[in-house]
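Just below is one structure, and these are the notes that go with it.
Position 1 is the first residue of the sequence, and the numbers go up from there. The structure displayed is predicted, hence computed values, not measured ones.
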Amino acid sequence: MDTTRFQDCIDACNACATACDNCAAACLQEEDVKMMAGCIALDMDCSQLCRLAAGYMARGSRFARELCRLCADVCAACGEECGKHDADHCRRCAEACRRCAQACRAMADAA
């Protein structure tokens, strides 16, 4: 696997992971943290999976495509959850998740 082919996906994963970390931290400062529990949990899952996927791609792992398929699903779920909230950090996270899901799907489907 030519890892340079997937640099855009690696970059999208890293950006998404950072946005998710920022969102989770900001959600913990919200007045009704309990209401944000689902968002926080998905942020943490998404962040960790994005970093893992970026590493797999950077190393040219034979499992990178499969992991990116899962990453796309988790990013889509996180983006959907964050999109339900009006906070700026959630909106930014939702957009990063959508971009990452798209990039991961494209990477997973690439020949």
Side-chain angles (χ1 to χ4, degrees):
M1 177 184 289
D2 177 10
T3 59
T4 57
R5 274 177 68 187
F6 303 115
Q7 190 59 51
D8 287 344
C9 189
I10 292 168
D11 292 344
C13 283
N14 286 326
C16 186
T18 298
C20 287
D21 285 342
N22 289 336
C23 186
C27 284
L28 287 170
Q29 301 303 313
E30 292 289 337
E31 192 171 309
D32 188 359
V33 174
K34 197 170 208 172
M35 181 192 76
M36 303 304 288
C39 187
I40 294 165
L42 275 168
D43 284 337
M44 292 188 301
D45 286 348
C46 192
S47 172
Q48 289 184 5
L49 188 54
C50 284
R51 285 198 172 86
L52 186 63
Y56 271 51
M57 285 183 282
R59 291 188 300 277
S61 171
R62 65 182 181 155
F63 299 107
R65 290 183 199 281
E66 295 167 88
L67 191 60
C68 281
R69 281 187 189 92
L70 176 60
C71 190
D73 291 344
V74 173
C75 284
C78 189
E80 185 177 323
E81 177 62 31
C82 284
K84 294 176 183 176
H85 305 286
D86 291 330
D88 287 341
H89 56 86
C90 285
R91 297 289 177 185
R92 286 189 302 272
C93 186
E95 184 55 37
C97 287
R98 289 182 193 112
R99 281 192 304 268
C100 190
Q102 182 178 17
C104 281
R105 282 191 192 96
M107 182 277 178
D109 293 340

Check: If you take all heavy atoms of A96 and A19, which pair is closest and at what distance?
Finding: CB-CB, 3.7 Å
Margin query: Between D32 and M36, does the side-chain contact (heavy atoms from CB on, under 4.5 Å) criterion hold? Intermediate values first, please.
Written below: CA-CA 7 Å; D32 188 359; M36 303 304 288; 5.9 Å; no
Note to self: Taking side-chain contact (heavy atoms from CB on, under 4.5 Å) as the definition, give me every residue that meets it alongside A77, ordered by chain and number, with sequence neighbours left out.
What the structure shows: L42
Check: Roughly how far, to the nearest 0.5 Å, is the CD atom of E95 from the SG atom of C82?
Finding: 11.5 Å
Next item on the list: Look up atom SG in C68 and atom CG in L49, then write down how far apart they are to the nearest 0.5 Å.
Entry: 8.5 Å
Item checked: Contact summary for D43 and C27, nearest pair of heavy atoms -> OD2-SG, 4.4 Å
Checklist line | Nearest non-hydrogen partners of S47 and D21, listed with the distance | finding: OG-OD1, 2.7 Å
Next item on the list: Check for a donor-acceptor pair, side chain of R51 on one end and backbone N or O of N14 on the other, with a separation under 3.5 Å.
Entry: no
Margin query: What's the separation between atom SG in C23 and atom CE in M44, rounded to the nearest 0.5 Å?
Written below: 11.5 Å
Next item on the list: Determine yes or no for a side-chain-to-main-chain donor-acceptor pair under 3.5 angstrom, with R69 supplying the side chain and C104 the backbone.
Entry: no
Checklist line | Derivation of the side-chain contact (heavy atoms from CB on, under 4.5 Å) call for N22 and H89 | finding: CA-CA 7 Å; N22 289 336; H89 56 86; 5.9 Å; no
Margin query: Within the supplied structure, the quantity of interest is the number of heavy atoms (other residues, nucleotides, ligands) at a distance under 6.0 Å from Q102 CD; does it exceed 12?
Written below: no
Notebook entry, point to check: To the nearest 0.5 Å, what is the distance between CD (E81) and SG (C90)?
Noted result: 8.0 Å
Check: Can any side-chain N or O of R65 pair as donor or acceptor with the backbone N or O of A110 at less than 3.5 Å?
Finding: yes
Item checked: Cationic N near anionic O, under 4.0 Å, D86 to R91 -> yes
Item checked: Pairwise distance CD1(I40) to CE(M35) - rounded to 0.5 angstrom -> 9.5 Å
Next item on the list: Determine the minimum heavy-atom distance between R98 and G79, stating which atoms define it.
Entry: NH2-O, 3.6 Å
Notebook entry, point to check: What distance do C100 atom SG and M107 atom CE have between them, rounded to the nearest 0.5 Å?
Noted result: 11.5 Å
Next item on the list: Flag the pair L70 / E66 as yes when at least one side-chain heavy-atom distance between them is below 4.5 Å, and no otherwise.
Entry: no
Note to self: Using every non-hydrogen atom in the two residues, find where G83 and A94 come nearest and quote the distance to one decimal.
What the structure shows: N-CB, 3.8 Å
